[in-house]
Amino acid sequence: MLQQTPVNRVIPRLAEWLERWPTPGDLAAVPPGEAVRAWATLGYPRRALWLHSAAVEITQRHGGVVPSDIDELLALSGIGDYTARAVAAFAYGLRHPVVDTNTRRVIARAVAGQAEPAPPSRTRDLDAMGALLPLPRGDAAIFNAGMMELGAVVCTAKNPRCGDCPIQSSCAWRLAGYPAYSGPRKAVQKKFEGSDRQVRGLIMAELRATHHPVTDAEITGLWPDPAQRDRALAELRATHHPVTDAEITGLWPDPAQRDRALAGLLADGLAVATGPGRYTLPHE
DNA sequence: AAGTCGTGGAC
DNA sequence: TGTCCAAGACT
């Protein structure tokens with residue numbers, strides 16, 4: 001749940017989730033669509049599918065007990081370098097470097113003296129954090145958590161609170177005079193409005209809300225949101241005179257976009273076809 | 001290995 | 001307002 005999702009948004013959903021499915025076996029016993037439905041609006045619904053798969057794998061391969069071995073964790077669906085080491089370090093107290101986006105930023109600033117970290121690099125990131133990790137196992141777990149917390153609360157991406165930082169006196173970035181970032185620009189993310197991702201989200205919301213197969217016609221009716229279309233039309237009228245047919249048509253979805261979004265969801269297993277033009281959440 | 005994948009708060 | 005970005009993983 002925490003992958004690319006703010007902690008404060010996860011906490012209440014996690015509480016509900018663990019009340020309903022306290023163990024991997026409990027989650028593995030329900031259809032994957034139930035996990036996707038309970039995931040609700042957390043975003044990236046593939047993670048719900050992967051979490052369910054991981055629960056099945058843990059039940060089948062590990063007797064229902066979450067493994068503590070890094071390689072066994074990495075072999076689980078949806079578990080990558082960050083999550084595997086977070087489980088080993090925080091749940092089992094083992095001495096492994098845990099590197100998330102916060103840790104990467106703190107190391108870039110406090111150690112390397114740069115405003116922003118270079119793009120993530122598995123080997124380099126784990127080596128850098130491994131070199132900082134205290135030797136005692138208990139201390140290593142606390143240090144991992146402390147680096148993440150420092151980055152999340154003080155050494156933030158925007159407007160870092162350097163005056164409140166507990167390690168300001170030894171921060172390489174501060175000692176260097178806060179030099180500006182000079183590395184490669186991060187890729188600008190595409191606009192969400194009108195994107196395939198938005199259409200996927202609308203389709204998923206419909207699949208979660210209905211307990212009967214959703215039809216092609218219903219999906220086609222989902223986009224664009226009338227209010228959104230009206231805002232776009234009003235904006236168009238305010239800036240252009242007169243509005244052309246082509247501009248108005250541009251406010252409606254490309255029919256191919258609905259097909260792309262739906263095909264993607266089917267390919268990801270987030271939706272399944274139960275008949276010609278009828279779709280539901282996955283039931284096995 | 002660069003693209004893709006949701007959602008919503010902050011500024 | 002639009003832009004950034006948030007405990008990443010997968011292909």
Side-chain angles (χ1 to χ4, degrees), chain A residues 1-14 36 39-51 53-54 73-91 96-107 115-123 125-126 129 141 143-153 155-161 181 184-208 222-223 225 231-232 234-235 238-239 257 260-271:
Chain A
M1 289 179 176
L2 288 166
Q3 294 167 2
Q4 292 285 283
T5 303
V7 177
N8 290 336
R9 197 179 305 166
V10 165
I11 290 173
R13 189 60 35 76
L14 175 66
V36 174
W39 200 259
T41 59
L42 266 185
Y44 291 149
R46 296 195 279 205
R47 296 178 298 166
L49 223 46
W50 290 336
L51 181 54
S53 294
L73 285 163
L74 286 172
L76 297 171
S77 299
I79 306 298
D81 287 313
Y82 161 72
T83 307
R85 290 176 175 78
V87 168
F90 301 137
H96 294 288
V98 181
V99 180
D100 76 331
T101 184
N102 295 301
T103 301
R104 255 190 307 275
R105 187 172 53 250
V106 171
I107 291 176
E116 294 178 33
S121 162
R122 183 199 121 96
T123 304
D125 294 342
L126 290 177
M129 187 58 172
F143 187 83
N144 276 315
M147 288 286 275
M148 294 169 60
E149 192 71 3
L150 184 61
V153 175
C155 194
T156 50
K158 297 190 312 183
N159 306 322
R161 302 164 51 184
Y181 180 67
R185 292 289 295 178
K186 275 182 265 187
V188 253
Q189 72 177 12
K190 285 184 206 162
K191 192 161 63 177
F192 182 70
E193 288 284 322
S195 68
D196 285 4
R197 296 169 79 158
Q198 183 185 35
V199 177
R200 283 174 60 111
L202 289 169
I203 296 174
M204 288 307 300
E206 185 68 14
L207 290 173
R208 288 195 306 267
L222 293 176
W223 200 85
D225 177 288
R231 284 197 302 275
E235 185 179 347
T239 54
Q257 184 176 39
R260 276 202 309 276
L262 189 51
L265 293 175
L266 291 167
D268 289 345
L270 285 165

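We name chains A, B, ... by the order of the sequence lines, and we start the count at 1 in each one. In this text the structure is predicted, and so the values were computed from the model without any measurement.
Side-chain atoms of A:R197 and A:Y44 form a donor-acceptor pair, as typed in the model, at a separation below 3.5 Å.
Within 4.0 Å of A:P120, counting heavy atoms only, lies no atom of the nucleic acid at all.
Look at CZ on A:R122: it is 19 Å from C1' on B:dA2, rounded to the nearest Å. For the pair A:R200 CZ and B:dT7 P, the computed distance is 10 Å after rounding to whole Å. Separating the CG atom of A:N159 from the P atom of C:dT3 is a distance of 18 Å, rounded to the nearest angstrom. Look at CZ on A:R208: it is 10 Å from P on B:dG6, rounded to the nearest Å. Across the protein-nucleic acid pair, A:K191 atom NZ and B:dT7 atom C1' stand 18 Å apart, rounded to whole Å. Between A:L202 atom CG and B:dG6 atom C1' there is a gap of 11 Å when expressed in whole angstrom units. Between the CG atom of A:L207 and the C1' atom of B:dG6 there is a distance of 15 Å, rounded to whole Å.
Between A:D196 and A:R200 no salt bridge is recorded (no basic side-chain N to carboxylate O distance below 4.0 Å).
In this structure, A:D81 and A:V99 have side chains that are not in contact, with every pair of non-hydrogen atoms separated by 4.5 Å or more. Under the 4.5 Å side-chain criterion, counting only non-hydrogen atoms from C-beta, A:L265 is in contact with A:I203. Between A:I107 and A:M147, the closest side-chain pair of non-hydrogen atoms falls below 4.5 Å.
Comparing B:dG6 with C:dT11, their P atoms sit 14 Å apart, to the nearest whole Å. Taking atom P on both B:dC5 and C:dA7, the two are 22 Å apart, rounded to the nearest angstrom. On the P atoms, B:dG3 is 16 Å away from C:dC4, given to the nearest whole Å.
A donor-acceptor pair is defined here as one N or O able to donate and one able to accept, closer than 3.5 Å; such a pair exists between the side chain of A:R13 and the backbone of A:W39. Listed for the A:N102 side chain is no donor-acceptor partner under 3.5 Å among the backbone atoms of A:L150.
Here A:K190 reaches the OP1 or OP2 of B:dT4: one of its side-chain N or O atoms lies under 4.0 Å away.
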For nucleotides 4-11 of chain C, give me one character per nucleotide, 5' to 3': B if any protein heavy atom sits under 4.0 Å from the base, S if the only such contacts are to the sugar-phosphate, - if neither. BBBBBSS-
